[in-house]
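Before any comments, here is the structure.
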Amino acid sequence: MKVRELYREQERLARKAVFYDAFGKLKYVAGIDCSYYEDLIIGGAVVIDLNTLEPIEKAHVLLKLDFPYIPGLLAYREANAMISAFKKLDTVVDVLMIDGFGTNHPRRCGIATQIGVRLEMPSIGVGKSFLCGDIGDDGYVYQGAERTGKLIYSPRSKKPIYVSPGHRISLETSVELVKKCMKSGRIPEPTRLAHEYVTGVKNTLR
DNA sequence: GCGACAG
DNA sequence: ATCTTGTCGC
């Protein structure tokens with residue numbers, strides 16, 4: 001498919017995303033990430049108990065890479081592996097925390113939004129570097145008049161992470177949840193553990 | 001045309 | 001993301 005057609009598909013998916021809290025009490029968060037090895041992509045999901053921040057279940061999957069890395073179209077490269085790994089979990093997960101962006105995206109449809117809409121599940125994007133928008137003095141990322149994300153600084157690091165809601169959750173709740181999942185490092189436990197997990201699986205392949 | 005550009 | 005040693009700092 002051509003890039004401009006994928007752009008249109010993203011605009012269509014973005015219209016389906018909602019940013020209010022569509023859930024009850026939260027207990028299980030799944031951190032999702034992926035890594036690469038030769039022509040394979042390793043998708044991984046780690047379930048964390050919000051009360052302890054300890055992992056209770058993990059699952060991963062290996063797929064053939066079938067799409068290049070194109071800024072703004074990351075989901076077409078990584079979403080299938082992430083979703084496949086997530087579906088292997090037995091735990092009934094309440095919310096997804098994904099490595100990447102949600103509504104803070106050029107077409108308001110980052111990988112967290114695409115996965116959230118496809119699974120009809122609450123999702124949050126946790127980016128590690130700036131993508132787009134304007135950073136206000138209040139720490140929020142603005143796209144026009146809308147707040148689409150927020151910078152979060154962990155106690156020590158100078159570099160922030162970028163939090164943006166993907167689907168079925170508000171920006172405020174997203175920020176609150178990410179903060180609640182912060183332990184020692186710069187990255188919240190769900191995605192930090194997911195990243196650790198998939199790199200571990202990769203080192204198994206060589 | 002110019003600049004920006006997640007993982 | 002990935003390829004990679006030593007090295008600065010808590």
Side-chain angles (χ1 to χ4, degrees), chain A residues 3-4 6-7 9-11 13-14 17 31-46 60-86 96-118 123-135 140-144 148-152 154-167 171 174-175 178 183-188 190-206:
Chain A
V3 167
R4 38 180 286 259
L6 296 178
Y7 279 9
E9 178 174 69
Q10 289 186 317
E11 289 162 355
L13 287 172
I32 304 182
D33 193 13
C34 65
S35 63
Y36 304 95
Y37 180 69
E38 296 183 345
D39 63 338
L40 299 176
I41 177 168
I42 303 138
V46 177
H60 73 274
V61 65
L62 303 182
L63 295 179
K64 276 283 175 52
L65 270 172
D66 62 351
F67 198 88
Y69 170 66
I70 301 174
L73 296 178
L74 180 66
Y76 294 99
R77 181 172 172 80
E78 303 187 338
N80 287 338
M82 289 178 166
I83 288 174
S84 297
F86 170 75
L96 309 176
M97 210 170 273
I98 298 165
D99 203 339
F101 288 76
T103 194
N104 176 18
H105 174 277
R107 288 164 297 285
R108 314 298 300 276
C109 192
I111 190 168
T113 295
Q114 290 209 28
I115 291 177
V117 169
R118 282 176 61 179
S123 65
I124 301 171
V126 178
K128 298 186 295 298
S129 62
F130 180 77
L131 175 57
C132 69
D134 303 296
I135 301 174
Y140 282 98
V141 178
Y142 289 84
Q143 288 186 247
T148 58
K150 185 169 190 186
L151 281 57
I152 301 295
S154 64
R156 298 174 183 178
S157 77
K158 206 63 179 177
K159 260 187 175 174
I161 55 172
Y162 302 76
V163 177
S164 61
H167 184 44
L171 172 56
S174 297
V175 169
V178 167
K183 256 191 176 175
S184 57
R186 181 173 81 105
I187 311 300
T191 47
R192 190 186 70 76
L193 291 173
H195 183 270
E196 183 179 84
Y197 177 51
V198 294
T199 54
V201 171
K202 177 181 64 181
N203 291 326
T204 277
L205 305 175
R206 58 180 181 186

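Quick caveat, the model's predicted, so the values are computed rather than measured. Note on naming: letters A, B, ... go to the chains in the order of the sequence lines (proteins, then strands), and numbering restarts at 1 for each one.
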Roughly, in whole Å, what's the span from NZ in A:Lys158 to P in C:dG9?
16 Å
Can A:Tyr69 be classed as stacking with the base of B:dG7, given a centroid separation cut-off of 5.5 Å and a plane angle cut-off of 30°?
yes
From A:Leu171 CG over to A:Lys150 NZ, what is the distance, rounded to the nearest 0.5 angstrom?
8.0 Å
Could you tell me whether A:Leu73 contacts a base, only the sugar-phosphate backbone, or nothing, with contacts defined as non-hydrogen atoms closer than 4.0 Å?
base
Which part of the nucleic acid, if any, lies within reach of A:Ile70 when heavy atoms closer than 4.0 Å are counted: base, sugar-phosphate only, or nothing?
nothing
Have a look at A:Arg206 and say if it touches a base, only the backbone sugar-phosphate, or nothing, with a 4.0 Å heavy-atom cut-off.
sugar-phosphate
Remember a base hit wins even if backbone is also touched, and classify A:Tyr162 as base, sugar-phosphate or nothing at under 4.0 Å, heavy atoms.
nothing
What is the distance from CD of A:Glu38 to C1' of C:dC3, rounded to the nearest Å?
13 Å
OP1 or OP2 of B:dA6 under 4.0 Å from side-chain N/O of A:Lys128
no
Side-chain atoms of A:His105 come closest, of C:dA1, B:dC5, B:dA6, to B:dA6
Measure from CG on A:Leu6 to P on B:dC5 and round the result to the nearest Å.
21 Å
Do A:Ile135 and A:Phe130 come within less than 4.5 Å of each other through their side chains, counting heavy atoms only?
yes
Test side-chain contact (heavy atoms from CB on, under 4.5 Å) on A:Ile152 and A:Val175; report intermediate values, then the result.
CA-CA 8 Å; A:Ile152 301 295; A:Val175 169; 3.6 Å; yes
Between C:dT2 (C1') and A:Asp99 (CG): distance, integer Å
15 Å
Counting only side-chain N and O atoms of A:Ser35, is one of them less than 4.0 Å from OP1 or OP2 of B:dG7?
no
Specify the separation, in whole Å, of atom CD1 of A:Ile111 and atom P of C:dA1.
13 Å
Rounded to whole Å, how long is the line connecting atom OH of A:Tyr37 with atom P of C:dT2?
12 Å
Give a yes/no on whether any side-chain N or O of A:Lys202 is located under 4.0 angstrom from OP1 or OP2 of C:dA1.
no
Kindly say if A:His195 contacts the phosphate of B:dG7, meaning a side-chain N or O under 4.0 Å from OP1 or OP2.
no
When the distance from CD1 of A:Ile187 to C1' of B:dA6 is rounded to whole Å, what number comes out?
12 Å
Closer than 3.5 angstrom, by distance alone: can the side chain of A:Thr148 be matched with the main-chain N or O of A:Thr103 as a donor-acceptor pair?
no
Reported CD1-to-CZ distance for the pair A:Ile111 and A:Arg118, which is rounded to 0.5 angstrom
9.5 Å
Just how far, in rounded Å, is C1' of C:dT2 from CD1 of A:Ile42?
11 Å
